[in-house]
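Read through the structure below, which is laid out as structure tokens, and then see the notes.
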Amino acid sequence: MDATTLLDWYDIHHRDMPWRVPPAARKAGEVPNPYHVWLSEVMLQQTTVAAVRAYHTKFTALWPTVEDLAAADDADVMAAWAGLGYYARARNLLKCAREVTARGGFPNTEAELLTLPGIGPYTAAAVASIAFDRKATVLDGNVERVMARLHAIEEPLPDSKETLRTLAAERTPDARPGDYAQAVMDLGATICTPKSPACGICPWMKGCAGRIAGIAAELPRKRPKKAKPTRLGHVYIARRPDGATLMETRPPKGLLGGMLALPTSEWTDAPSPAPPLEAGWREIGEVRHTFTHFHLILTVWTAETLAAETRGHWVDQADPGDLPTVFAKALRLAL
DNA sequence: CAGTCGTGGAC
DNA sequence: TGTCCAAGACT
């Protein structure tokens, strides 16, 4: 029921990831690459390991060092991030890479890391511990869940967050803080899962108050969420005879900010007017997509050519892979 | 502080 | 099909 028990479990059940140094290699003196660790932690924010793997591999191949990333074109980085979601992360990733490069490398303390763009309390603790072996307590969704169950905390999130943070800090060991941080999160991801936790094989089952009380699977409690509204709009795919597609770069802030996109109408609660048919627009179907806080239904229109575009620019080889998913869906419908 | 900000997989 | 949710940050 202590950190050593968990580290023993981690030594056996460690999961390989492209950015990780396995515990055996770390004990032999191998040091993590801070750039790889930072990149992985930003990508992993609210995102599954399965989704991150390919993107992490792609990014380190395109930009092997943080200096390479700092020198990249914004549009190339946004295109490479397309499909991973939460695009403010990509914008902050570039800002952070440029700051780190300007100051000659990553800072190696939690407090200094916290001052960088896109690095909040979780990521600062994760990079400090994993990349630099500093004692720091990570508090992510996994750790919140594990602590809530171990101590049978019934107060709902987010009210209980600071209590959970204190409990997590009390358990953090002086030795192997990086491995420990990854071990707690792995425990949450593989054993202490949100639904039907595998308490029977948990290295911390002895003394878990939530398991003993029979309420582990119900924790952590959470305040009810708001319902998602549905918004409606139109998306326009204009193609030239040579195959070029009219696209635009979205404004630098807000939803899908800075991303390459197809032109659309406003997205409203009530249906908006269809485009004038004399302009040659043809309806080819609809696309449904759900964002974090609303559903979206877009009517998809195509036209062979427009006399003169009023906005955007022509892209010769439109690639759905360079677009946020909602636009990739619409483009695939037209192709 | 509560709202904003994506996506795909699990159930 | 709908709901939940994943290694959160920013405003």
Side-chain angles (χ1 to χ4, degrees), chain A residues 15 17-20 36-56 78 81-93 95-96 113-131 136-146 157-159 161-162 165 168 178 180-190 192-196 217-218 220-231 250-259 261 267 288-296 320-321 323-329:
Chain A
R15 298 188 297 160
M17 299 174 196
W19 52 88
R20 275 190 171 179
H36 289 185
V37 172
W38 160 73
L39 181 62
S40 74
E41 291 301 339
V42 173
M43 288 181 165
L44 285 164
Q45 291 166 8
Q46 297 291 287
T47 309
T48 58
V49 170
V52 164
R53 280 183 187 275
Y55 282 87
H56 191 276
M78 300 312 286
W81 195 278
L84 196 56
Y86 283 140
Y87 299 101
R89 293 185 296 172
R91 303 194 297 270
N92 287 329
L93 189 82
K95 280 188 203 167
C96 185
L113 287 161
L114 194 50
T115 68
L116 292 167
I119 298 187
Y122 163 76
T123 305
V127 174
S129 62
I130 297 169
T137 300
V138 294
L139 186 68
D140 72 331
N142 290 302
V143 181
E144 288 175 352
R145 184 170 58 256
V146 170
L157 282 166
D159 311 72
K161 182 154 181 162
E162 289 314 308
R165 186 187 304 282
Y180 175 79
Q182 294 174 92
V184 191
M185 293 189 285
D186 277 13
L187 184 73
T190 62
C192 197
T193 52
K195 298 162 189 173
S196 55
E218 303 168 21
R221 303 195 196 285
K222 296 184 180 179
R223 289 209 296 246
K225 313 179 162 63
K226 288 176 52 181
K228 294 180 184 186
T230 297
R231 296 181 189 166
R250 292 178 63 87
K253 293 182 178 178
L255 188 72
L256 311 178
M259 296 300 291
W267 302 347
R288 291 169 180 268
H289 192 75
T290 298
F291 293 97
T292 304
H293 55 291
F294 65 93
H295 305 286
L296 178 65
L323 302 174
T325 299
V326 63
F327 299 118
K329 287 179 181 175

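Everything numeric in this text was worked out from a predicted model, so none of it was measured. Sequence lines set the chain letters: A, B, ... in the order given, protein chains first and strands last, and positions in each chain run from 1.
If you check every strand for non-hydrogen atoms under 4.0 Å, A/Pro158 touches nothing. Residue-level contact check: A/Arg223 touches the backbone only, with heavy atoms under 4.0 Å from sugar-phosphate atoms and none from bases. Using a 4.0 Å heavy-atom distance criterion, A/Lys195 is classed as making no nucleic acid contact. Looking at heavy-atom distances under 4.0 Å, A/Leu256 makes contact with sugar-phosphate atoms alone, never a base. Using a 4.0 Å heavy-atom cutoff across all strands shown, A/Arg250 reaches no nucleic acid atom at all. Within the nucleic acid shown, A/Gly254 comes within 4.0 Å of sugar-phosphate atoms alone, with no base atom in reach, counting heavy atoms only. Contact annotation for A/Val49: base contact, defined as any heavy-atom pair under 4.0 Å involving a base atom. Residue A/Met17 is classed as a base contact, given a heavy-atom separation below 4.0 Å to a base. Counting non-hydrogen atoms under 4.0 angstrom, A/Gly83 reaches the backbone sugars and phosphates but no base.
With A/Lys228 contributing its side chain and A/Thr292 its backbone, the two residues share a donor-acceptor pair below 3.5 Å. Proximity of a side-chain donor or acceptor of A/Tyr86 to a complementary backbone N or O of A/Met43 within less than 3.5 Å is not detected. With hydrogens and angles ignored, the 3.5 Å screen pairs no side-chain donor or acceptor of A/His56 with any backbone N or O of A/Leu39. Side-chain atoms of A/Ser40 come within 3.5 Å of backbone N or O of A/Val37 as a donor-acceptor pair.
Atoms NZ (A/Lys228) and C1' (C/dG2) sit 10 Å apart, rounded to a whole Å. One interatomic measurement links the two molecules: CE of A/Met185 to C1' of C/dC5, which rounds to 17 Å at whole-angstrom precision.
Two residues are said to be in side-chain contact when any heavy atoms from C-beta on lie closer than 4.5 Å; A/His36 and A/Arg20 fail this criterion. A/Ile119 has its side chain out of reach of A/Glu41: every pair of non-hydrogen atoms, C-beta onward, lies at least 4.5 Å apart.
Heavy-atom neighbours of A/Arg288 CZ from other residues, nucleotides or ligands within 6.0 Å: at or below the threshold of 12.
Of the P atoms belonging to B/dG6 and C/dT11, the separation is 14 Å, rounded to the nearest Å.
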Quiz item: Passes ring-ring contact (aromatic ring centres under 6.0 Å, His included), A/His289 versus A/Phe291? Steps please.
Solution: CA-CA 7 Å; A/His289 192 75; A/Phe291 293 97; 4.8 Å; yes

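The side chain of A/Arg288 contributes no N or O atom lying less than 4.0 Å from OP1 or OP2 of C/dT1.
Side-chain contact annotation: A/Arg89 with A/Thr47, donor-acceptor N/O pair under 3.5 Å present.
Residues A/Lys226 and A/Thr48 both approach DNA chain B. Their nearest nucleotides, taken by heavy-atom distance, put A/Lys226 toward the 5′ side.
Protein chain A contacts DNA chain B over a range whose 5' and 3' limits, counting nucleotides with an atom under 4.0 angstrom from a non-hydrogen atom, are B/dA2 to B/dG8.
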Give me, pair by pair, the N or O atoms of the protein and of nucleotides 8-11 of chain C that are less than 3.5 Å apart, along with how far apart they are.
from   : atom 1 : to       : atom 2 : distance (Å)
C/dG8  : OP1    : A/Gly141 : N      : 3.3
C/dG8  : OP2    : A/Gln46  : N      : 2.7
C/dG8  : OP2    : A/Gln46  : NE2    : 3.0
C/dG8  : O5'    : A/Gln46  : N      : 3.3
C/dG8  : O5'    : A/Gln46  : NE2    : 3.4
C/dA9  : OP1    : A/Gly120 : N      : 2.9
C/dA9  : OP1    : A/Gly120 : O      : 3.3
C/dA9  : OP1    : A/Thr123 : N      : 3.0
C/dA9  : OP1    : A/Thr123 : OG1    : 2.9
C/dA9  : OP2    : A/Pro121 : N      : 3.4
C/dA9  : OP2    : A/Tyr122 : N      : 3.3
C/dC10 : OP1    : A/Gly118 : N      : 2.4

